[in-house]
Amino acid sequence: MTDIREAFEAAYGHAADGVWSSPGRVNLIGEHTDYNNGFVLPFGIDYRTSAAVAVREDREIHLRSTFAEGEVVGNLDALTLESMSGWSAYVLGVAWAMADAGVDLAAARGLDILIDSDVPVGAGLSSSAALECAAGAAFNELWGLGLDKLAIARFGRVAENKAVGAPTGLLDQAASMLAEDDHVVFLDCDTEEARPVALHLKDKGLGILVTNSNVEHEHATGGYGDRFASCAKGAEALGVTTLREIGADDLPRAQELLDDETYRRVRHVVTENQRVLDTVAVLAAEGPTAIGDLLNASQASMRDDFEITVPEIDLACDTAVAAGAIGARMTGGGFGGSSIALVPLDKADAIASAIRTALSDAGMREATIFTVTPSQGARRDH
Ligand code: GLA
């Protein structure tokens with residue numbers, strides 16, 4: 001990443017008051033469970049989005065980035081959803097969400113903001129949540145709002161839902177705000193209680209290999225919304241508000257009541273919630289070397305029941321496991337994006353090259369493969 005303080009001065013002609021940053025995320029397990037009020041188990045990655053910010057005298061928000069030309073200007077007295085577009089909606093949308101929820105911004109001063117990021121975009125690693133959370137953390141401190149991390153995460157989600165228009169849950173923003181070094185965040189999306197769970201990857205000589213399929217996903221349109229709708233349809237037919245309320249015992253009844261496709265969508269959510277709980281239990285009892293079967297079962301469920309994987313991801317996961325990974329699964333919303341493999345670090349290079357060869361032999365698009373380290377959530381850097 002560029003030296004963001006220098007870049008800020010070059011852009012605005014004066015120094016920043018501070019720099020805040022927040023990470024992208026990998027979800028270890030628990031996919032499409034968040035908007036069904038279920039369980040998720042993500043961690044923050046060592047790829048971050050930074051916001052260098054200085055307070056202005058007026059109420060304008062000036063936004064620049066190191067990745068797009070020009071300046072976007074918003075005004076705290078005229079924040080409307082209609083006026084927001086492109087990447088700046090993720091930042092202005094957070095301020096809008098705060099104001100819309102009644103957070104008192106009457107005394108808030110305008111801001112000059114420069115954004116820099118090394119979170120890959122369109123890779124299913126939540127570059128958008130990293131941006132929302134870096135901005136939210138800066139707003140919170142500079143405007144003296146006194147919000148806790150989860151509250152900032154919620155405003156990031158509202159920005160995503162309303163300003164960007166994707167019907168997503170709290171997973172990404174909660175991970176970006178609450179992440180800790182070498183831990184996953186266990187979040188109950190119903191009660192919104194969260195706690196860190198130790199991973200102990202380093203102790204066991206393990207790492208997480210990310211394979212970005214370079215097949216780009218888009219959650220504001222298409223399959224993600226269809227899955228959201230199928231889950232709502234399944235819940236309604238079963239007489240519950242969310243799929244969180246049903247368990248494995250209810251599946252025979254669900255199979256009788258629902259069409260086959262909706263049933264398989266429901267079965268994914270129900271079994272995935274249980275896999276998250278099992279992963280938390282196995283991590284505590286036996287450690288990360290024992291969670292491989294759960295990761296692989298989640299991948300199979302996303303592939304066969306929820307049908308959100310793509311052939312590039314399926315092949316990467318199968319190849320990783322055949323080449324010695326402990327387990328592998330797609331991570332994130334699906335329809336492209338990334339998969340993860342839990343690997344012994346001394347086998348990481350061999351597993352990566354097996355994936356490259358398999359994709360190339362199948363005539364598929366080249367992937368970008370790298371390791372990630374579970375890292376700290378939103379923070380003030382300077
Ligand atoms: C995307 C969404 C999340 C979550 C995942 C699937 O990342 O932003 O809220 O639904 O997909 O688990």
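For the numbers below, each heavy atom of this structure counts, side chains included, while hydrogens, waters and symmetry mates do not. Bear in mind the structure is a predicted one, so any value in this text is a computation, not a measurement. Both counts, for ligands and for their atoms, begin at 1 and track the order of listing.
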Is NZ or CZ of Arg64 both nearer than 6.0 Å to the six-membered ring centre of Tyr12 and within 45° of the ring axis?
yes
Charged N to carboxylate O under 4.0 angstrom, Arg227 versus Glu307?
no
Nitrogen or oxygen of Leu170 less than 3.5 angstrom from that of ligand 1
no
At less than 4.0 angstrom from any non-hydrogen atom of Gly169, what atoms of ligand 1 do you find?
9 (O)
Pull out every atom of ligand 1 sitting under 4.0 Å from any heavy atom of Arg25, numbered as shown with elements.
7 (O)
Hey, which atoms in ligand 1 end up nearer than 4.0 Å to a heavy atom of Asp34?
3 (C), 4 (C), 9 (O), 10 (O)
Yes or no: does Met302 have any heavy atom under 4.0 Å from an atom of ligand 1?
no
Sorted by first residue and then second, give each ring pair (Phe, Tyr, Trp, His ring centres under 6.0 Å) pair with at least one member in residues 253-305; sequence neighbours left out.
His268-Phe306
Set of ring-ring contact (aromatic ring centres under 6.0 Å, His included) partners for Tyr47, sequence neighbours left out
Phe370
For Asn27 and ligand 1, does the shortest N/O to N/O distance drop below 3.5 Å?
no
Which of the numbered atoms in ligand 1 are under 4.0 angstrom from any heavy atom belonging to Leu171?
4 (C), 5 (C), 12 (O)
Backbone or side chain, does any N or O of Thr33 fall under 3.5 Å from an N or O of ligand 1?
no
Is Glu57 paired with Arg109 through a side-chain N to carboxylate O contact shorter than 4.0 Å?
yes
Do Thr368 and Asn212 have side-chain N/O donor and acceptor atoms under 3.5 Å apart?
no
